[in-house]
Amino acid sequence: MAKVRVKQEESLSIKFLHQMEVGDNRRLDLYFFLPKEMGINSQSLNEDDYYHSSITGRRSYYSSGLHLPLVQSRFVSQKKRTVEEFRLYLNLFAYQFAVAIETDSKELSQVEDLEQFYVSLEELSEQVIHLLKRFRRNEPSDEKWKSYFENADNYLSWLCEQRLLKLLAHAPRSSDFNEITESVVALCRAESQYRDAHKYNSSKTIKDPNRIANKMHLLRRLIQQGVVLKEDLKPLGVGLKKMTTGIATAMVMLVVSTLIIKAQGVFSGLTIALVLTLAVIYGFREIFKDDIRNALWRLIQRGRPRWSRLLQDTTSKLPIAKQLMWLDFMRKNELPVKVSEILKRRHSQNKVDAEILHYGIHTRVSAKGFLAGYSRIQEQVNFSLVPFARNLERGKAKIYKEHEGKISNESVERRYQVNLILVLKEGRDEPQYARYKITMNRSTIIEITESDLPSGMRNMDEAPYEDDLLAPDAAAENDETPPG
C-alpha cells in the first residue's frame with residue numbers, strides 16, 4: 001500500500017490518508033488540474049472560504065492494526081495502572097474500531113456487484129461479532145473502570161447496528177441472499193436487545209431519535225478524548241496583510257492627491273467643474289482601491305503558507321506536531337519541473353487547458369510527548385468537491401439509435417476529468433510522486449484511478465497500511481498489551 005492513500009469518501013468528496021512517526025519531517029503537495037470548462041478559478045472560488053468550508057480533517061494516535069491492547073485480563077489485573085491510563089488505552093481501541101467500521105461500511109456501500117456486496121457484508125458482520133465478543137469478554141470488574149467500558153460498549157454496539165442497517169437499507173434486493181440478510185438483521189436485533197438488557201439507555205432516549213443520536217454523539221466525543229489530537233489553527237500573515245492594505249491605500253492616495261492638485265491648478269476657485277472632477281477622482285479611487293489591494297496581496301502571498309496548526313495531546317497538553325498549510329491557484333510556469341513532466345503523459349485528447357489548485361501541508365512531528373506505547377499519528381483530510389460541482393453543466397445531449405426502423409434516444413451526462421498529482425517529500429529524501437484521474441459529473445464522482453508515471457520517476461514506496469477491520473486470525477495474533 002502506498003504511503004499516501006487517495007480514495008473516494010462520499011458521492012462528491014475524496015480523502016487522503018497518511019501516517020507519520022516520531023520525528024518525521026514531511027511535505028505533501030496536491031495539485032488539482034481543473035479543466036477551464038468547469039469554470040473554477042480564483043474569481044469563482046475563494047481559497048479561504050473553500051479551506052474553511054470544504055476541507056476537513058482529523059489527526060489521532062494510530063496503532064498498527066485493530067488488536068485489543070486495552071482490555072485484556074493481563075492489562076486489567078495490573079494494579080500499577082491508573083484509571084486514566086486504562087481510559088486512554090480503552091479510548092484508543094474504541095476510536096479505531098469506530099473508524100474501521102465506518103471505513104469498511106462506506107467502501108462496501110459503493111460496491112455495485114450484487115454477489116460481491118453480500119459476501120463482503122457477511123464477512124464484515126462476522127468480524128464485528130468476533131471483535132465485540134473479545135471486547136466484552138474482558139469487561140473490568142472494578143466499578144471505577146467499568147463506567148468507561150460501558151460508555152464505549154454502548155457506543156460501539158449502537159454504531160455497528162446503525163452501519164449494518166444502513167447498508168441493508170440501501171442494498172440491492174435479491175432473494176438469492178436472504179440468508180445473509182437475515183443473519184445481519186439478527187445481529188442488529190441482538191445488539192439492540194443487548195443494550196436493553198444492560199440498561200445502557202433509558203426508554204425515553206430509545207424512543208426519541210433525537211435523544212439517542214445526541215447521546216451517541218456525546219459518547220463519541222468521550223471516546224475521542226486522549227486519542228484525537230487537539231488542534232490550534234491560526235491564519236498567517238495577518239500583520240503582513242494589514243501592511244499590504246496600508247501600502248495599497250497609500251499608493252491610491254498618492255495618485256488621487258496628485259490628480260486633485262492638478263485639478264485645482266486647472267480650475268480657479270471652487271467651481272462646479274472642480275467639484276465634478278473631484279467626485280470622479282474619488283469615484284475611481286473607490287473602484288480601484290480594492291482591486292489594487294487584492295492584486296498586491298496575491299503577489300506578496302504567492303508561495304507563502306496561509307495557516308499554521310499546532311497538534312497537542314489532549315491529556316498532557318504537550319505539542320505532538322506542527323503544520324503549515326498552503327492553498328492557492330497557481331500559474332502553469334510555477335509548477336515543479338517533475339510535475340509538469342507527469343502532466344505531459346496525458347493522452348492527447350485530454351490535454352486541455354486547466355486551472356491549477358494547489359494544496360500543501362508541511363508537518364514536523366515532535367520527538368517526544370507521544371502517549372506511552374505509541375509512536376505514530378494518522379492524518380485524514382477530506383476534500384469536498386461540491387463547490388466544484390455547482391459550476392458544472394447538467395447533461396442535455398441525447399444519443400439517438402435506430403433499430404428495425406424505430407428510433408430511440410438516451411440522455412447523456414456531462415463528465416469532467418480532474419487530474420490530481422501528489423508529491424511527497426520526507427526529510428532530505430528525493431520526492432515521490434503519484435497521479436490520479438478523478439472522473440466526475442454534477443452529482444457524483446464516477447471513479448478514481450491511479451495512472452502510471454514516466455519512466456525514472458520515483459513512485460511512492462510501498463508501506464504497511466492497516467486502517468480497516470482485521471480478520472479474526474489477525475486480531476488474535478496481535479492480542480497483546482503495548483508498552484507504556
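- Under the 4.5 Å side-chain criterion, counting only non-hydrogen atoms from C-beta, Phe383 is not in contact with Ser54.
- Counting only N and O atoms by type, the side chains of Asn419 and Tyr31 include no donor and acceptor under 3.5 Å apart.
- The backbone N or O of Tyr436 sits nowhere less than 3.5 Å from a side-chain atom of Ser451 that would complete a donor-acceptor pair.
- Within the 4.5 Å cutoff, side-chain heavy atoms of Lys3 are placed close to those of Leu424.
- Under the ring pair (Phe, Tyr, Trp, His ring centres under 6.0 Å) criterion, the residue pairs touching residues 172-210 are Tyr118-Phe177, Tyr194-His198, His198-Tyr200, with sequence neighbours excluded.
- Taking a cutoff of 4.0 Å between a charged side-chain nitrogen and a carboxylate oxygen, Arg306 and Asp48 qualify as a salt bridge.
- The six-membered or imidazole ring of Tyr155 lies away from that of Phe97, with a centre-to-centre distance of 6.0 Å or more.
- For the pair Tyr50 (side chain) and Ser384 (backbone), a donor-acceptor distance under 3.5 Å is present.
- Here the closest heavy-atom approach between residue Gln8 and residue Ile448 is recorded as N-CD1, 3.7 Å.
- At least one donor-acceptor pair closer than 3.5 Å links the side chain of Asn214 to the backbone N or O of Asn210.
- In this structure a side-chain-to-backbone donor-acceptor pair under 3.5 Å is missing from Lys199 to Asp196.
- Between the CD1 atom of Ile206 and the CG atom of Asp208 there is a distance of 11.5 Å, given to the nearest 0.5 Å.
- Between Lys437 and Glu450 there is no salt bridge, since no side-chain N of the basic residue sits under 4.0 Å from a carboxylate O of the acidic one.
- Note on ring orientation: taking the six-membered ring where Trp is involved, the planes of Phe16 and Tyr359 are tilted (angle from 30° to 60°).
- For the atom pair Leu187 CG and Ser192 OG, the distance stands at 11.0 Å (nearest 0.5 Å).
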Can you list the steps and then say if Leu17 with Gln378 is a side-chain contact (heavy atoms from CB on, under 4.5 Å)? CA-CA 7 Å; Leu17 300 109; Gln378 176 169 285; 3.7 Å; yes
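- Centroid-to-centroid, the aromatic rings of Phe149 and Phe135 come within less than 6.0 Å.
- Annotation for Lys230: atom NZ does not count as buried by contact number, only 12 or fewer foreign heavy atoms lying within 6.0 Å.
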Arg5 and His18: side-chain contact (heavy atoms from CB on, under 4.5 Å), yes or no, with the steps? CA-CA 7 Å; Arg5 290 184 68 184; His18 65 135; over 6 Å; no
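- Considering only residues two or more places apart in sequence or on other chains, Arg136 meets the salt bridge (charged side-chain N to carboxylate O under 4.0 Å, His left out) condition with Asp153, Glu191.
- Nearest heavy-atom pair across Ser366 and Val22 is O-CG1, 3.5 Å.
- In this structure the side chain of Ile223 never reaches within 4.5 angstrom of the side chain of Asn151, judged on heavy atoms.
- Contact of the Trp326 side chain with the His358 side chain is registered, since non-hydrogen atoms from C-beta on lie closer than 4.5 Å.
- When atom types are taken as modelled, the side chain of Thr314 and the backbone of Gln225 share no donor-acceptor pair closer than 3.5 angstrom.
- The CG atom of Leu324 sits 6.5 Å away from the CG atom of Leu236 when rounded to the nearest 0.5 Å.
- The neighbour count for Lys106 NZ, taken as heavy atoms of other residues, nucleotides or ligands under 6.0 Å away, is above 12.
- The pair Glu426-Arg27 fails the salt-bridge criterion, with no side-chain N (NZ, NE, NH1 or NH2) lying under 4.0 Å from an Asp/Glu carboxylate O.
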Would you please test Asn154 and Asn201 for side-chain contact (heavy atoms from CB on, under 4.5 Å) and show each step? CA-CA 8 Å; Asn154 187 11; Asn201 308 295; 3.0 Å; yes
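- Using modelled atom types, no side-chain atom of Arg309 and backbone atom of Thr363 make a donor-acceptor pair closer than 3.5 Å.
- For the residue pair Glu231 / Gln312, no side-chain donor-acceptor distance below 3.5 Å is found, with atom types taken as modelled.
- Pairs passing the salt bridge (charged side-chain N to carboxylate O under 4.0 Å, His left out) check and including a residue from residues 209-228, sequence neighbours excluded, read Glu102-Arg220.
- No more than 12 heavy atoms of other residues, nucleotides or ligands lie within 6.0 Å of CD in Glu115, so this atom counts as exposed by the packing criterion.
- Defined by atom type and a distance below 3.5 Å, a donor-acceptor pair is present between the side-chain atoms of Arg195 and Ser157.
- Residue His52 qualifies as enclosed at atom NE2: its count of foreign heavy atoms under 6.0 Å is above 12.
- Considering only heavy atoms from C-beta on, Ile180 comes within 4.5 Å of Glu122 through its side chain.
- In this structure, Gln96 CD and Thr103 OG1 are separated by 11.0 Å, a value rounded to the nearest 0.5 Å.
- The aromatic ring centroids of Trp307 and Tyr51 lie less than 6.0 Å from each other.
- Atom CD of residue Glu47 and atom CG of residue Asp328 lie 6.5 Å apart, to the nearest 0.5 angstrom.
- The CD1 atom of Ile421 sits 10.5 Å away from the CG atom of Leu30 when rounded to the nearest 0.5 Å.
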